[in-house]
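Worksheet for the structure shown next.
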Amino acid sequence: MSSAFMSRAGALMSKLAIAASLGMVSQAATAEYALNMPVGVTEISREVYDLHMLVFYVCCVIGAVVFGAMIYSIIAHRKSKGAKAANFHHSTVVEIVWTAIPFVILMALALPAAKTLVKMENTRGAEMSIKVTGYQWKWQYEYIDEDVSFYSTLSQDSNFARQKNSGVDLESVDNYLLDVDNPLVVPTDTKIRLLLTAADVIHAWWVPDFAVKKDAIPGYINETWMQIDEPGTYRGQCAELCGRDHGFMPVVVIAKTPEEYQAWLAAQKGAESALNGAAIATEQNVALAQ
Amino acid sequence: MSHAEAHDHHHGPEPGFMRWLKTTNHKDLGALYLMFSLAMFIVGGLMSLVIRAELFTPGMQFVDPQFFNSMTTMHALFMIFGGVMPAFTGLSNYLIPIQLGAPDMALPRINNMGFWILPIAFGMLLSTLFMDGGAPAGGWTLYPPLSMQTGDAMPFLVFSIHLMGISSITGAINVIVTILNLRAPGMDLMKMPLFCWTWLITAFLLIAVMPVLAGAVTMLLTDKYFGTTFFAAAGGGDPVMFQHIFWFFGHPEVYIMILPAFGVVSQIIPTFARKTLFGYSSMVYATAAIAFLSFIVWAHHMFTVGMPVAAELFFMFATMLISVPTGVKVFNWVATMWRGSMTFETPMLFSLGFVILFTIGGFSGLMLAMTPVDFQYHDSYFVVAHFHYVLVPGAVFSLFAAVYYWLPKWTGTMYNEKLGKLHFWLSTIFINVLFFPQHFLGLAGMPRRIPDYSLQFAEFNFMSSVGAFAFFITQFIFLYNLITTCRGKWEKATDQVWEGAKGVEWEMLPSPLPYHTFEQQPDLSDYEPHPTH
Ligand code: HEM
Ligand SMILES: [Cu+2]
Ligand SMILES: [Cu+2]
């Protein structure tokens, strides 16, 4: 415990040192993923990131003005310095101004936000669809019209390590808690529609790199979409409390180029029709994922 | 006030426990509410320490994930319904009659009942920890279908929420009737201290939304035990409908917890700036505007459930609009300090801390209001950071400020200023160590309500847990200061207590307050608490 404590404190210090030396949160983001929202790998995720930074900077400016005035006043207008209290107590002009200016700023924030929102909710023109079903505590992926479907659960290693006092060195586990047996495999540069639902309680499917978070609700089919620019492995988690193992149903998405994706899909179908066994498909999946 | 002194000897309280059980005196009940709230803060605080202990380092060390979920659920219920709300009701009891020149609260017996319901409700809620299936673990938001998986605790949970609701409503009715009927002659509404105004508006919010919560949990109960399917998709019901009903209660609820806090700091800042509150009437209108808007923004808690774009746009715009009146309040506080003659006793320090840190919570609120970005923030630690900034250095700091400010008036003894300042500085440092890193965790992708996390989140969780334990320990300074002051260990307080204090309680009443304040109402026609034009 105490050595773990010390190493944690040491790591924290170095992280803070990075943050401090870079000065600003946004810059630190490029060096340290863990300080800011990821820019992500879709057009939408980049727009969302820009909106996030925009509203963040607006808050910084307002904060600088308001806290600046307050701190100046705290320093200059203190009784111990002999300050005598003025006796103004209202000013209609000032009050109208500081109601109107925030209103204008809000408009400037709301308009681009509305534009991005409309884009995010437009699922038309999707080139393929995948049905995502949340279960306590795993995900099921069904490729619509492709006859491919499988479950995705927390990887064995993580699942073993996360048992109470397992004694496993977590550093030795690949992507502790963010790894699954069967990742979702999708093509890049393709508008993919996700249809979300759930079998028992509400879950939420979240991958920060796509700026996609949508609830999977029993009795509902929710829609969202993504179009991934870069091949890679993207990780997320269930974001809606769904019971005991809510913390242990991660989402892993592998984006492949369309050609590689087609090959993967063919292999899936081959495996399924030849052997008609989900177990084999599972192994295939793992092999391809590596 | 000679009439007050002349009578307090023959109406003194009866000794012993029966005094507290049977009391209808607003000061006794105020004290009971405040002591009860302190006890609930400690219980809820211990639960949060279980959470932060488990999250200290990655891996599961101490508890089962199900028990962890019970802790997050119970922590929130205890803090919101047992800590913050009863504390403000306690202040309303203690302060509203003396600030308005009223003899007592208008409905003293109902006042007694409203209080004594609470220990029963929370005793029942606490007992669920020992029941089959454990304490409720579906989150304080009680979303079905998950909350349907609660074990034997379910009916006790629902019934305790009913009781809390009844208690809140009795408190609210009492505030409204007292303010509207028992003001001393000459105490016009627009002369009232802001604490009375913010509580009056809060009371209307309470009456409007507590029955909605009661209805929602009743439907959960009948869904579980009587075969109805209000929220069960399989029976034609709608699980999302619960969320709409819950948040129609839930969003006004967050303002129920903050409007009285606005009232408190709006009274403390002018005292220590020795200058009239800037924009008194705009403060009143801003409070009313916030209360109105709080009814039309509820779905900003549900952007990810899949609403039509038009609805999402509406709730985004309406939510962003709330920052306008909220901003007006902050600007008014700063303008009150501007060119004042400030001193920095503990109540002022906590109020200044409130203004800065609450505003930071307001900023993250504005960020959350932007729907497309909320898809990233929602149900992540960023939201946890947001609501803790508005609730802890917000609502709870205002409670500390209020207790330090009025305690000398209540007890006749001045608390220890050095300890008070120490309490403020340590609390402020540790609250930021505790909650600031949670912004980073959320942005980096850590969901809320999880008992274990991947290694990239380790450092900030560690920091947050250190802050949590340090903040908790710091509160023993407060406890010591409070107890010793109540026992009269320190210097006697003067009647005005604070050089710049204005208002009936400071200018017309002795410290400590007599057991019965006004047997004849004072005439306040000529009394000018602040310029009204
Ligand atoms: C400027 C004013 C504010 C705005 C614009 C705002 C906005 C929001 C939004 C959009 C959310 C939902 C976030 C999400 O779940 O994705 C939220 C959550 C929350 N807010 Fe605020 N907020 C404001 C002030 C406050 C205040 C004053 C309080 C309480 C004193 C408060 C307490 C909460 C709580 C408790 C939650 C989380 C509830 C839960 O999911 O458990 N907020 N806020
Ligand atoms: Cu979940
Ligand atoms: Cu809200």
Side-chain angles (χ1 to χ4, degrees), chain A residues 4 8 11-12 15 33-37 48 51-52 55 59 66-67 69-70 73 77-79 83-86 89-90 95 98-99 102-103 106 110 113-114 116-118 120-121 162 164 170 176-178 201-202 204 208 211 213-215 217-219 222 237 239-245 247, chain B residues 57-60 65-66 139 143 145-146 149 233 239-240 274-276 278-279 282 304-306 309 312-313 317 320 324 327-328 330-331 334 337-343 356 363 366-367 370-373 375-376 378-379 440 443-445 447 449-452 454-456 458-459 462-463 531:
Chain A
R8 196 69 61 210
L12 177 66
K15 231 175 216 189
Y33 168 63
L35 277 179
N36 200 356
M37 183 186 287
V48 165
L51 283 169
H52 160 69
V55 61
C59 290
V66 174
F67 299 153
M70 185 170 156
S73 173
H77 307 146
R78 48 171 70 211
K79 195 185 174 204
K84 292 265 175 298
H89 50 79
H90 80 290
E95 287 170 71
W98 71 36
T99 310
F103 195 81
L106 290 182
T116 301
L117 181 64
V118 169
M120 290 173 103
E121 297 292 347
R162 64 111 173 168
K164 194 148 106 189
L170 301 179
Y176 178 59
L177 296 187
L178 291 180
V201 301
I202 304 176
K213 182 185 288 138
K214 202 77 170 182
D215 289 2
I217 306 171
N222 262 335
Q237 281 176 269
E240 178 65 49
L241 179 62
C242 57
R244 185 176 183 275
D245 285 352
Chain B
T57 54
M60 298 298 300
Q66 184 69 19
Y143 285 4
L146 183 61
Q149 297 177 354
V240 175
R274 292 168 183 74
K275 186 161 156 278
T276 317
F278 187 88
S282 76
T304 61
V305 301
V309 193
E312 288 179 334
L313 287 172
F317 293 139
M320 293 176 84
V324 176
V328 166
V330 174
F331 301 147
V334 175
M337 296 172 216
W338 193 258
R339 294 184 44 215
S341 172
M342 272 190 275
T343 53
I356 293 189
F363 286 149
L366 177 61
M367 297 171 80
M370 311 246 299
T371 313
V373 205
F375 292 147
Q376 290 282 45
H378 175 66
D379 266 340
F440 301 136
L443 294 175
R449 295 168 166 166
I450 58 173
D452 194 6
S454 72
L455 301 182
Q456 91 226 45
E459 286 79 20
F462 173 83
M463 185 171 164

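Protein chains get the first letters and strands the later ones, always in sequence-line order, with residue 1 at the start of each. Here the structure is a predicted model, which means the values were calculated and not measured.
Across B:Val309, B:Asp379, B:Val330, the residue that shares the most heavy-atom pairs under 4.5 angstrom with chain A is B:Asp379. Ranked by non-hydrogen atom pairs under 4.5 Å with chain B, the options A:Ala69, A:Cys242, A:Cys59 are led by A:Cys59. When A:Ala114, A:Gly247, A:Ala86 are compared by the number of non-hydrogen pairs under 4.5 Å with chain B, A:Ala86 comes out ahead. Residue with the most contacts toward chain A among B:Pro451, B:Gly279, B:Ser341, B:Gly306: B:Ser341 (heavy-atom pairs, distance under 4.5 Å). Note on A:Pro102, A:Ala204, A:Ala113, A:Pro218: by heavy-atom pairs under 4.5 Å with chain B, the leading option is A:Ala113. Between chain A and the residues B:Met342, B:Glu312, B:Arg449, B:His378, the most heavy-atom pairs under 4.5 angstrom are made by B:Met342. Of all the listed residues (A:Ala83, A:Ala85, A:Gly219), the one sharing the greatest number of non-hydrogen pairs under 4.5 Å with chain B is A:Ala85.
B:Ser282 and A:Glu95 form a side-chain donor-acceptor contact under 3.5 Å, judged by distance and modelled atom types alone.
Heavy atoms of A:Lys214 lying under 4.5 Å from chain B belong to its backbone as well as its side chain. The contact between A:Ala110 and chain B is made by backbone and side chain atoms together, counting heavy-atom distances below 4.5 Å. For B:Tyr143, the part lying near chain A is the side chain, with the backbone staying farther off; criterion is any non-hydrogen pair under 4.5 Å. Contact annotation for B:Gln376: both backbone and side-chain heavy atoms come within less than 4.5 Å of a heavy atom of chain A. For A:Leu117, the parts sitting under 4.5 Å from any heavy atom of chain B are the backbone and the side chain alike. The contact between A:Met70 and chain B is made by backbone and side chain atoms together, counting heavy-atom distances below 4.5 Å.
Rounded to the nearest 0.5 Å, atoms CZ (B:Arg339) and OG (A:Ser73) are 10.5 Å apart. Distance CG/B:Leu146 to CG/A:Leu241: 5.5 Å, rounded to 0.5 Å. Atoms CD and CG, on A:Glu121 and B:Leu313 in that order, are 9.0 Å from each other to the nearest 0.5 Å. In this structure, NZ in A:Lys213 is found 11.0 Å from CD in A:Gln237, a value given to the nearest 0.5 Å.
With salt bridges taken as basic N to acidic carboxylate O contacts below 4.0 Å, one links A:Arg162 and A:Asp245.
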Test side chain to side chain contact (heavy atoms under 4.5 Å, CB included) applied to A:Lys84 and A:Lys79, step by step:
CA-CA 7 Å; A:Lys84 292 265 175 298; A:Lys79 195 185 174 204; over 6 Å; no
Kindly indicate, with the supporting measurements, whether the criterion side chain to side chain contact (heavy atoms under 4.5 Å, CB included) is fulfilled by B:Arg274 and B:Thr343.
CA-CA 9 Å; B:Arg274 292 168 183 74; B:Thr343 53; 3.0 Å; yes
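Relative ring orientation between A:Trp98 and B:Phe331 is described as tilted, the plane-to-plane angle lying within the 30° to 60° band.
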